[in-house]
Amino acid sequence: MTPGGAVAFTTPVVPVGLNSRDPILMVANTGPTTNAIVHGASSQSLYWGPTSSSFGSWTSASYASVFGSSFLRIAQGMSSATGSSKPAIFATATTNVSPNFVLGIDAALSSAGGANAGLLWSANLGTCNVQGTGTQQEHLMVGSDSTVYVWCSDGTLTAWAADGDTTTGPVPRAGLLKWRTAAPSWGGTAAGRPAIGKTMTGDVIYLPRSLTNVGLAIINTATAFNGSAPVEVNVDATSGVLTNSAGQAIVFGQVSPREVAVVNPNGSIAVSDKVTWSPLRGPGAVLTADNLLVIPEVSRVSALLVSSTQLVPLFSVNGVGNLATDSNTGVYVLSTSQVAGGLLGFDHLPISGSPP
């Protein structure tokens with residue numbers, strides 16, 4: 001789509017592989033001035049296409065000799081595995097039987113296609129099982145220093161070096177596990193969507209408790225080590241976790257009366273409030289660049305101004321659907337009406353102005 005809303009071009013169909021797994025789609029940086037569309041396609045291949053113009057077919061890079069089934073999640077970062085820092089794709093993949101894999105791939109070389117194109121390193125996840133489906137949709141995160149974090153289904157968190165294990169020779173080489181934390185005390189299966197925030201001292205990772213229980217686990221990556229225990233907070237994060245520019249977590253829950261809270265990296269609660277809303281809809285809320293928390297509900301969309309000292313309800317509009325945010329113009333709500341779908345856009349004015 002163009003910024004004006006017109007269709008620029010439509011891509012060729014991507015082989016989707018296993019229908020039971022979510023396709024993985026993103027725009028990746030492949031060089032100093034170039035970007036490309038990359039699709040995991042729930043198979044052993046990454047499919048690439050240009051972002052600047054239409055194209056007749058996808059370029060395929062296959063990693064069938066590395067793992068046996070399909071990509072689960074992909075994310076973007078940087079790696080110096082070949083000597084200089086270059087854009088990289090980090091991914092988790094499954095063999096359909098435990099254990100699964102984590103990989104580092106040179107984005108530019110992969111976009112050219114071929115067998116194991118751009119493979120930098122790979123590692124067997126061992127007992128760190130990941131799902132990619134069901135309750136544990138998201139498990140892959142990339143830190144500000146490109147450390148790769150994989151959230152295991154038992155609640156532990158693993159950290160992998162962006163360059164792999166440099167002591168094992170040239171690329172493609174083995175992966176390097178930096179550490180694996182202990183699981184939160186509540187145990188059980190990991191569920192929900194984690195979040196990563198950046199602070200002055202490093203990245204902080206927030207892990208929500210399973211979908212029907214209250215709890216948030218916090219891991220400061222600057223001080224984490226093998227077996228270190230996370231900080232645990234008794235706060236409702238069952239509906240989602242977001243992070244702001246200060247590295248704090250904004251959590252919101254489903255346990256009535258539903259709570260919105262701002263949690264500091266050390267586990268203290270900066271501010272919280274009980275908010276009356278209907279059950280959330282879609283993948284969760286969005287936080288705009290000017291700290292407006294917009295929450296999709298079954299019957300409306302609500303917005304609160306979030307700061308470290310207060311939560312201020314601002315407005316509600318009727319509508320249903322999933323959310324995306326544009327930092328320049330406002331918040332957009334995608335309708336999921338069974339009668340007629342559509343895209344609703346609305347501006348949020350400066351807080352000193354009148355409500356939108």
- Are a donor atom and an acceptor atom from the side chains of Thr156 and Arg180 found within less than 3.5 Å of each other? yes
- Does Asn264 reach the main-chain N or O of Asn266 with its side chain, forming a donor-acceptor pair under 3.5 Å? no
- Task: Taking atom types as modelled, find out whether Asn116 and Ser65 have a side-chain donor-acceptor pair closer than 3.5 angstrom.
- Result: yes
- Query: Distance-only, no hydrogens or angles: does the Ser111 side chain make a donor-acceptor pair with backbone N or O of Ala108 under 3.5 Å?
  - Reply: yes
- Hits for ring pair (Phe, Tyr, Trp, His ring centres under 6.0 Å) against Trp48, two or more places apart or cross-chain, chain-then-number order -> none
- Task: Give a yes or no answer on whether the side chain of Asn100 reaches the backbone of Leu125 with a donor-acceptor pair at less than 3.5 Å.
- Result: no
- Message: Under a 3.5 Å distance rule, please check whether Thr243 uses its side chain to pair with a backbone N or O of Ile196 as donor and acceptor.
- Response: yes
- Query: What's the spacing between Asn291 CG and Gln248 CD if we round to 0.5 Å?
  - Reply: 9.0 Å
- Compare every heavy atom of Thr199 with every heavy atom of Gly247, then report the nearest pair and how far apart it is. CA-CG2, 4.1 Å
- Run the numbers on Val306 and Asn244 for side-chain contact (heavy atoms from CB on, under 4.5 Å), then give the verdict. CA-CA 9 Å; Val306 178; Asn244 60 18; 5.5 Å; no
- So Val241 and Val251, side-chain contact (heavy atoms from CB on, under 4.5 Å) or not? Walk me through it. CA-CA 5 Å; Val241 184; Val251 301; 4.1 Å; yes
- Which atom names give the shortest non-hydrogen contact between Ala81 and Ser79, and what distance separates them? N-OG, 3.2 Å
- How far does CG of Leu120 sit from CZ of Phe90, to the nearest 0.5 angstrom? 7.5 Å
- Item | Donor-acceptor contact below 3.5 Å, side chain Thr2 vs main chain Ala8 | no
- Query: Any idea which heavy atoms bring Leu119 and Pro172 closest together, and the distance?
  - Reply: O-CB, 3.5 Å
- Item | For Ile219 against Ala224, the heavy-atom pair lying closest together | CG2-CB, 4.1 Å
- Message: Is it the case that the side chain of Gln44 and the backbone of Phe67 share a donor-acceptor pair, with hydrogens and angles ignored and the cut-off at 3.5 Å?
- Response: yes
- Query: Regarding Thr221 and Asp203, is there a side-chain donor-to-acceptor distance under 3.5 Å anywhere?
  - Reply: no
- Nearest heavy-atom contact between Val204 and Pro265 is CG2-CB, 3.9 Å
- Taking the side chain from Thr181 and the backbone from Leu157, do they hold a donor-acceptor pair closer than 3.5 Å? yes
- Quick one: does Trp121's side chain have a donor or acceptor within less than 3.5 Å of a partner on Ala162's backbone? yes
- Message: Keeping Tyr47 on the side-chain end and Ser57 on the backbone end, is there a donor-acceptor pair under 3.5 Å?
- Response: no
- Message: Please check this pair: side chain of Arg173 against backbone of Asp163, looking for a donor-acceptor N/O pair closer than 3.5 Å.
- Response: yes
- Note on the structure: Shortest non-hydrogen pair, Pro230 vs Ala183, comes out as CD-O, 4.2 Å
